[in-house]
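Down below is the structure, laid out as structure tokens.
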Amino acid sequence: MTDKKERIAIYPGSFDPLTNGHVDIIERGLKIFDKVIVAILFNPSKKALFSVEERLAMIKESFATHKNQENIIVESFDGLLVDYAKIKDAVAIIRGMRAISDFESEFQMALMNRKLSRDVQTIFLMTGLRWIFISSSIIKEVARFGGDISGMAPNPIKCKMKEKFPLLK
Ligand code: COA
């Protein structure tokens, strides 16, 4: 009898911070793959609010009581996404697509990753309608000025945001 190989996907991003839109993509990814690795990777064009260690802890806490918790792995990696995918034996990279405006950069990234490695496929999942308007930046902006971000990010994220933004209730 042969053991069926686990199908692992990587969901990479900055996650600064994780939002409910990301959670939606992770949960839907788990309907297709056995395991989803939520991987905090470095985007050189972004200046982060939370350190990688903070983001790791916040994301882990957000899934600590999730029903699929054992299939959600949270890690960070400093290097090329395709190299990380190889190390992890991942068959796919998951990316969420919110609107046409995401398409150009996502297309470029997917093609570059394909040029670098043919061993991993990029899969796009449409972001749920409820989360189309959300991004990490917009949540940070609202929180900075004390706006309510309930329902846009998991509770552990909201708690950590309060430490950075005293105006947030
Ligand atoms: N719901 C809500 N928001 C979403 C979302 C969803 N489903 N999907 C994406 N977003 C938002 C994110 O919150 C983020 O918002 P922000 O710009 O305000 O921070 C934005 O869309 C896109 O961010 P993210 O998905 O995190 O991608 P990124 O551009 O920050 O990360 C990396 C890109 C890290 C994956 C990429 O730079 C990478 O692979 N780096 C490693 C080095 C490498 O291999 N480079 C070559 C790649 S071609």
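Start at 1 and go down the list; that is how both ligands and their atoms are numbered. Counting begins at 1 with the first residue of the sequence.
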**OP:** Answer yes or no: does atom CD1 of Ile100 have more than 12 heavy-atom neighbours from other residues, nucleotides or ligands under 6.0 Å?
**Re:** no
Original post:
Under 4.0 Å from any heavy atom of Leu81, which atoms of ligand 1 are there?
Top reply: 39 (O), 43 (C), 44 (O)
Original post:
Which residue owns the protein heavy atom closest to atom 3 (N) of ligand 1, what's the atom, and how far is it?
Top reply: Ile134 O, 3.2 Å
Original post:
Which protein heavy atom lies closest to atom 15 (O) of ligand 1, and at what distance to 0.1 Å?
Top reply: Ser136 N, 3.5 Å
**OP:** For atom 46 (C) of ligand 1, state which one of Ile26, Asp16, Leu80 supplies the nearest heavy atom.
**Re:** Leu80
**OP:** Answer yes when Glu141 and Arg144 have at least one side-chain N-carboxylate O distance shorter than 4.0 Å, and no when they do not.
**Re:** no
Original post:
Does a salt bridge link Glu106 with Arg98, judged by any charged N lying under 4.0 Å from a carboxylate O?
Top reply: no
Original post:
What distance separates Ile157 CD1 from Ser136 OG, expressed to the nearest 0.5 Å?
Top reply: 9.0 Å
**OP:** Under the side chain to side chain donor-acceptor pair (under 3.5 Å) rule, what do Ser117 and Lys86 come out as? Steps first, then yes or no, please.
**Re:** CA-CA 9 Å; Ser117 168; Lys86 193 169 192 159; over 6 Å; no
Original post:
Per the side chain to side chain contact (heavy atoms under 4.5 Å, CB included) rule, which among Val120, Ile93, Ile37 passes with Tyr84?
Top reply: Ile37
Subject >> Distance-only N or O hit between ligand 1 and Gly13, under 3.5 Å >> reply: no
Original post:
Taking the minimum heavy-atom distance to atom 8 (N) of ligand 1, which of Tyr84, Phe77, Tyr11 ranks first?
Top reply: Tyr11
Original post:
Do other residues, nucleotides or ligands put more than 12 heavy atoms under 6.0 Å from the CG atom of Leu116?
Top reply: yes
Original post:
Of the backbone atoms (N, CA, C, O) and the side-chain heavy atoms from C-beta on, which set of Arg95 has a member under 4.0 Å from an atom of ligand 1: side chain, backbone, both, or neither?
Top reply: side chain
Original post:
Which residue supplies the protein heavy atom nearest to atom 17 (O) of ligand 1, what is that atom called, and how far is it?
Top reply: Lys46 NZ, 2.9 Å
**OP:** Using a strict cut-off of less than 4.0 Å between a Lys/Arg side-chain nitrogen and an Asp/Glu carboxylate oxygen, indicate whether Asp24 and Arg130 qualify as a salt bridge.
**Re:** no
Original post:
Any idea which of Ser14, Ala153, Ser137 brings a heavy atom closest to atom 31 (O) of ligand 1?
Top reply: Ser14
**OP:** Could you list which atoms of ligand 1 come closer than 4.0 Å to a heavy atom of Thr127?
**Re:** 6 (C), 7 (N)
Original post:
atom 48 (S) of ligand 1: which protein heavy atom is closest, and how many Å away?
Top reply: Met109 CG, 3.3 Å
**OP:** State whether Asp119 and Arg114 are salt-bridged, where the test is any N-O pair (Lys NZ or Arg NE/NH1/NH2 against Asp/Glu carboxylate O) under 4.0 Å.
**Re:** no
**OP:** Give the residue and atom name of whichever protein heavy atom lies nearest to atom 1 (N) of ligand 1, and the separation in Å to one decimal.
**Re:** Gly21 CA, 3.2 Å
Original post:
So which heavy atom on Lys47 is nearest to which on Asp16, and how close?
Top reply: O-OD2, 4.3 Å
**OP:** Consider every N or O of Trp131 and every N or O of ligand 1, then say whether any pair is closer than 3.5 Å.
**Re:** no
**OP:** Step through the shown structure and confirm whether more than 12 heavy atoms of other residues, nucleotides or ligands are within 6.0 Å of NZ on Lys158.
**Re:** yes
Subject >> Atoms in ligand 1 with a heavy atom of Ser135 nearer than 4.0 Å >> reply: 3 (N), 13 (O), 15 (O), 18 (O)
**OP:** Using a 4.0 Å heavy-atom cut-off, say whether Thr19 meets ligand 1 through its side chain, its backbone, both or neither.
**Re:** side chain
Subject >> Ligand-residue contact atoms, ligand 1 with Asn43, heavy atoms, under 4.0 Å >> reply: 28 (P), 29 (O), 30 (O), 31 (O), 37 (O)
**OP:** Please verify whether a non-hydrogen atom of Asn113 lies at under 4.0 Å from ligand 1.
**Re:** yes
Subject >> Closest approach of any protein heavy atom to atom 12 (C) of ligand 1, naming residue and atom >> reply: His22 NE2, 3.5 Å
Original post:
Less than 4.0 Å between a side-chain N and a carboxylate O, is that true for Asp102 and Arg95?
Top reply: no
Original post:
Closest non-hydrogen protein atom to atom 38 (C) of ligand 1, residue and atom name please, with distance?
Top reply: Phe42 O, 4.3 Å
Original post:
Would you say ligand 1 has an N or O under 3.5 Å from any N or O of Gly79?
Top reply: no
Subject >> Option whose closest heavy atom lies nearest to atom 9 (C) of ligand 1, chosen from Met97, Met112, Arg98 >> reply: Arg98
**OP:** Ignoring hydrogens, tell whether any protein atom lies closer than 4.0 Å to atom 34 (C) of ligand 1; use the non-hydrogen atoms only.
**Re:** yes
**OP:** Determine whether more than 12 heavy atoms belonging to other residues, nucleotides or ligands lie under 6.0 Å from atom CE of Met112.
**Re:** no
